[in-house]
Amino acid sequence: MHRPESEGTLPLLEREPELAAAAHAVDALCGESRTGGLLVYRGAAGLGKTALLSEVRRLADGRCAVWSARGGEAVTPVPFHVVRQLLLPAFSTAGPAGEPLDARDLLGGRYEIAGPALGIAPPGEQHADPQGVRDALDELVLRLTEVHGPFVLVVDDAQWADLETLAWLASFAQRPLGAQPVLVVVAYRTEEAVGEAVRHLHTLGMAAKLVVSLRALTADATAGLTRAALGEEADDPFCREVWAVTGGNAYETVELLAKVRDAGLAPVEESADRLRALGASARGQGLIARLEELGTATTRFAWAAAILGTDISLDLAVSLAGMSHEEADECAERLRAARILVGTDPLEFVHPLIAGAIYRAIPSGVRTAMHGLAAWAVTRSGRGAAAAAPHLLEVHPDGDAELVEQLREAAAEHLAVGAPDAARRCLERALTEPPLDHVRPIVQYELGCATLLTSPATTVAHLRAALDTGHLDDSLRVDVVFRLSQALIHNNQAGDAAHVVATEAARAEPGPDRMRLQAAHFLWEGVQAVEEDGPGRSRRLARTAEGITGRDNTERVLLMLRAFDGTARGENAEEVVQIADRALVDGGLPAGIGWTDAAWGFEPPALLGLSYAFADRLDRAESLFTEALRAFEISGWSGGHLAFAHALVGYVHRRRGRLADAETYLRESLRLADRVGDGLPMHWDAACMLIDTLLARGRVDEAHEAAERYAFTTPYSSSIVIPDAPSVRGRLLLALGRKREAVAELEAAGRALTSRGRHSVVMAPWACDLALALADEDPDRAARLASYARDRAERFGTHTAIGIALCCAASLKEDRESRIALLGQAVAHLESSPCAYERAAARIEYGIAAGFPAELSCGLELAESCGADGLARRARTALEARHAQR
């Protein structure tokens with residue numbers, strides 16, 4: 001239901017530019033171009049924003065669908081409240097052929113993700129990712145355009161819209177709206193917007209085609225309204241006094257003129273001295289005095305309506321006011337006659353200014369008590385704890401254990417629909433109640449879980465507080481410690497993450513909990529960029545994993561970690577694969593260690609997939625990483641998790657030599673990561689992989705641009721980056737011709753990695769690149785580095801590693817025969833490798849060295865199929881040179 005505005009019945013004066021812009025936007029939407037857009041109207045209360053929105057609806061009426069919603073001061077804490085008003089009518093509107101629309105058909109695979117937020121599907125058991133919900137709502141809007149054609153979305157009083165709706169609108173506004181047949185029109189009060197709402201509204205303003213800051217009416221416009229309402233006989237002194245009383249506020253002007261009519265006052269100078277008294281009755285204390293004149297029962301009913309806010313259920317108002325339906329009907333009728341309420345069931349206030357004035361007039365103690373009664377009434381009506389939460393938040397703390405449980409239940413519902421901020425507010429309020437001693441750490445744990453995706457630093461504080469209480473049972477304590485370590489990793493504190501699980505493992509009794517903590521310690525130590533005793537940790541991990549069969553998930557995680565550690569150390573790849581295989585169940589990830597399982601997180605399966613990738617088992621790696629992508633998409637995890645999955649899939653394409661596909665996935669990974677925040681761990685991996693891919697494509701300038709965009713330089717992430725970040729930066733510096741800086745970077749990479757016992761020449765190709773950089777000025781050292789790389793490659797035993805090392809050794813040989821022989825061996829190995837780019841590079845170098853045009857042509861064809869533009873240019877140049885020699 002839309003709130004009617006009496007000024008909508010009068011001419012919209014001094015709004016000609018705004019109306020022209022609205023008309024143009026509606027014409028563009030409904031015309032042949034079907035061009036959408038975003039309009040924003042803002043200003044102080046009462047300046048006519050709602051009247052403008054009514055005019056937009058009138059302009060669009062009969063030409064396209066129009067769905068409207070508005071925020072409400074009392075329901076701001078209700079997640080997705082405005083989204084539901086805005087989009088749910090679409091489900092009850094018949095399609096173009098007159099057939100009913102099915103929510104599952106409209107939402108498709110996103111039904112379980114967006115359905116709970118829209119209130120049309122029960123919440124799932126997992127926490128919904130807010131970004132995933134926003135993406136699902138985006139898709140729903142686009143699907144609705146296919147069903148209904150162009151349409152208009154109108155949001156009034158956006159300053160009071162729930163933050164979840166504002167976040168979605170701000171996100172949706174970042175899309176190219178002009179290319180979509182959707183016109184979004186938003187109006188808000190500038191003086192009422194606070195906190196995060198300001199940021200979201202600013203984003204909307206930046207994206208809008210038109211932003212209008214409304215001003216008060218001039219004296220001439222006020223005179224025009226006065227004569228339109230009261231007749232041309234209204235004289236100038238009377239009109240000037242109307243303007244003086246209202247200050248040109250459109251709402252107050254219309255209300256005053258209505259009261260003049262009701263009072264039968266002649267619009268002449270002799271009546272002007274009565275205007276101030278009439279105007280005062282429309283606002284503030286004058287309004288409250290007028291309300292009190294309607295009687296105690298009517299005042300109590302108006303208070304109940306103000307507590308409930310918007311879309312006021314008559315049954316709830318009756319319950320809250322403590323009266324019969326008959327008495328409530330009489331009260332509602334008196335309030336409608338007094339231009340305070342409108343509608344029947346649900347009821348609405350004529351204007352938010354009236355609702356706000358009545359709400360603030362309720363005595364503080366009474367207001368708090370009524371919120372408590374409202375929470376009880378809402379819960380009793382079956383609407384659930386989440387619907388009661390706005391009222392629970394307003395109740396004074398009183399050590400009420402039941403209220404704590406209601407707030408916890410509401411928080412769980414909020415998390416399930418993708419509203420972690422709303423959950424946080426409930427749990428923070430529960431802590432102030434306060435909860436019982438044994439419940440307090442559980443609330444703090446739940447609070448930490450609620451903020452993990454949005455504020456890892458806040459999560460750390462809450463989880464540390466939960467540990468400090470000393471009231472956690474052992475099993476929950478282990479969960480808290482593990483979640484704390486995850487938050488520290490997400491907050492770029494890898495060393496602290498390893499320390500916290502090590503400390504807890506030391507105090508735990510022998511058994512499954514201690515084994516899980518030890519596995520977590522190995523995990524976080526292993527993913528640190530720097531550690532004190534890498535070889536020692538590797539030895540401890542090897543001893544722990546020796547002989548285990550993978551009988552439970554802790555053992556399976558240990559095997560995954562052992563496989564990755566062996567990969568990084570450059571141990572025999574076949575043995576690494578055997579260890580990795582023991583971590584699987586029937587060739588797949590075990591239940592409980594899946595990509596979306598909370599018990600272990602996504603890191604163990606990611607490390608497992610990377611172990612397969614570097615062992616030349618790219619089919620298994622691709623299967624695992626594609627599964628990750630699908631799992632995150634199905635679960636609606638559209639933030640950092642999905643970004644990381646795109647990076648992993650992209651990196652498999654890079655390893656296979658599908659460089660164009662790799663670039664596509666990696667750029668999408670960075671786009672998704674950019675939506676979450678700046679400088680996050682996921683940025684490091686995706687940026688590093690993209691730079692490596694662009695260098696392989698021969699696009700050095702683009703690689704440099706990506707490095708600059710994502711600050712790909714020291715200090716590096718506290719967690720390891722795949723492939724090794726300093727090695728890739730050294731390669732980039734070489735490509736840019738900055739040899740001295742490149743040598744320093746690669747030398748530092750070598751020292752750091754070898755001190756940790758990490759010798760993988762594929763994961764960290766520093767040795768080969770450094771050998772090439774030193775070939776001219778220090779050939780002996782270059783030869784030693786090439787020998788080291790070849791030795792380590794042969795120990796690892798993959799065709800890819802050996803082929804790369806042989807190419808490096810060949811490049812240092814001065815005599816042609818030795819170079820040809822080594823390159824021939826490299827090509828032979830790489831023919832058995834799944835890495836097409838490395839194979840193309842070897843064949844081209846072999847063709848150049850041996851003078852084989854056929855080999856060059858094969859290398860050129862392979863380089864072109866890989867998208868390796870730089871290699872292809874090198875091959876063409878060599879072929880042209882040979883043709884010229886002939």
Side-chain angles (χ1 to χ4, degrees), residues 616 618 650-666 689-704 723 728 731-732 734-737 762 765 768-769 771-772 775 793 798-886:
D616 279 2
L618 290 178
Y651 193 58
V652 169
H653 284 301
R654 161 65 183 94
R655 299 302 311 153
R656 284 196 182 280
R658 303 168 184 161
L659 302 182
D661 291 337
E663 182 180 345
T664 298
Y665 274 98
L666 292 168
M689 293 172 183
L690 177 62
I691 292 166
D692 177 62
T693 300
L694 291 171
L695 290 174
R697 301 201 73 181
R699 298 180 180 178
V700 178
D701 289 343
E702 290 181 41
H704 185 225
V728 171
R731 179 173 287 180
L732 172 62
L734 278 178
L736 291 169
V762 182
C768 289
D769 287 336
L772 295 175
T798 66
H799 290 293
T800 302
I802 295 171
I804 290 172
L806 287 169
C807 284
C808 174
S811 68
L812 302 179
K813 295 296 183 182
E814 294 185 359
D815 64 288
R816 181 170 176 270
E817 293 303 320
S818 298
R819 176 177 293 193
I820 292 171
L822 287 171
L823 286 170
Q825 295 175 46
V827 168
H829 277 285
L830 290 167
E831 282 299 313
S832 301
S833 162
C835 301
Y837 168 78
E838 285 73 15
R839 185 162 66 253
R843 296 194 76 157
I844 290 170
E845 294 306 317
Y846 184 44
I848 292 172
F852 293 161
E855 195 69 27
L856 269 173
S857 297
C858 288
L860 172 59
E861 183 179 351
L862 188 53
E864 289 175 336
S865 69
C866 289
D869 303 331
L871 276 182
R873 284 194 299 271
R874 179 165 172 75
R876 289 192 201 98
T877 300
L879 283 169
E880 289 168 3
R882 287 198 60 81
H883 289 313
Q885 289 174 2
R886 293 179 182 177

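Predicted, not measured: the structure shown is a model, and the values here were computed from it.
The heavy-atom pair separating Ala696 from Ala868 by the smallest distance is O-CB, 3.8 Å. When all heavy atoms are compared, the tightest approach of Glu838 to Leu830 is O-CD1, 3.4 Å. The heavy-atom pair separating Cys808 from Ser811 by the smallest distance is O-OG, 2.6 Å. Heavy atoms only, all atoms of each residue included: Leu666 and Thr693 are closest at CD1-OG1, 3.5 Å. When all heavy atoms of Pro853 and Leu879 are compared, the pair lying nearest together is O-CD2, 3.9 Å. Counting all heavy atoms, side chain and backbone alike, Leu856 lies closest to Ile848 at CD2-CG1, 3.7 Å.
The line from NE2 of His829 to OG1 of Thr798 is 10.0 Å long, rounded to the nearest 0.5 Å. Rounding to the nearest 0.5 Å gives a distance of 12.0 Å between CD1 of Ile844 and CZ of Arg839. Put simply, CG on Leu871 and CZ on Arg876 are 10.5 Å apart, with the number rounded to the nearest 0.5 Å. Put simply, OG on Ser865 and CZ on Arg658 are 11.0 Å apart, with the number rounded to the nearest 0.5 Å. Distance CG/Leu690 to CD/Glu702: 8.5 Å, rounded to 0.5 Å. Put simply, CG on Leu823 and SG on Cys807 are 5.5 Å apart, with the number rounded to the nearest 0.5 Å.
Taking 4.5 Å as the limit, some side-chain heavy atom of Asp616 sits within range of a side-chain heavy atom of Ser833. Contact of the His653 side chain with the Leu659 side chain is not registered, since no non-hydrogen atoms from C-beta on lie closer than 4.5 Å.
Ion pairing of Glu814 with Arg819 is absent here, as no side-chain N (NZ or NE/NH1/NH2) approaches a carboxylate O to less than 4.0 Å. Here Arg843 does not pair with Glu861 in a salt bridge; the nearest charged N to carboxylate O distance is not below 4.0 Å. Arg654 and Glu663 are not joined by a salt bridge, as no carboxylate oxygen comes within less than 4.0 angstrom of a charged side-chain nitrogen.
Under a 3.5 Å cut-off, the side chain of Arg656 and the backbone N or O of Ala836 do not form any donor-acceptor pair. Proximity of a side-chain donor or acceptor of Arg655 to a complementary backbone N or O of Leu618 within less than 3.5 Å is not detected. Of the possible donor and acceptor atoms, none in the side chain of Arg731 sits under 3.5 Å from a partner among the backbone N and O of Asp769.
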Going through the distances and angles, do Val728 and Leu732 end up as a side chain to side chain contact (heavy atoms under 4.5 Å, CB included)? CA-CA 6 Å; Val728 171; Leu732 172 62; 5.6 Å; no

Could you go step by step and tell me if Arg873 and Glu880 meet the salt bridge (charged side-chain N to carboxylate O under 4.0 Å, His left out) rule? CA-CA 10 Å; Arg873 284 194 299 271; Glu880 289 168 3; over 6 Å; no

Val827/Glu855 under side chain to side chain contact (heavy atoms under 4.5 Å, CB included): CA gap, chis, key distance, verdict: CA-CA 10 Å; Val827 168; Glu855 195 69 27; 4.1 Å; yes

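In the model, Ser818 has a side-chain atom that pairs as donor or acceptor with a side-chain atom of Asp815 under 3.5 Å.
Relative orientation of the Phe852 and Tyr846 rings is perpendicular, given thresholds of 30° and 60° on the angle between their planes.
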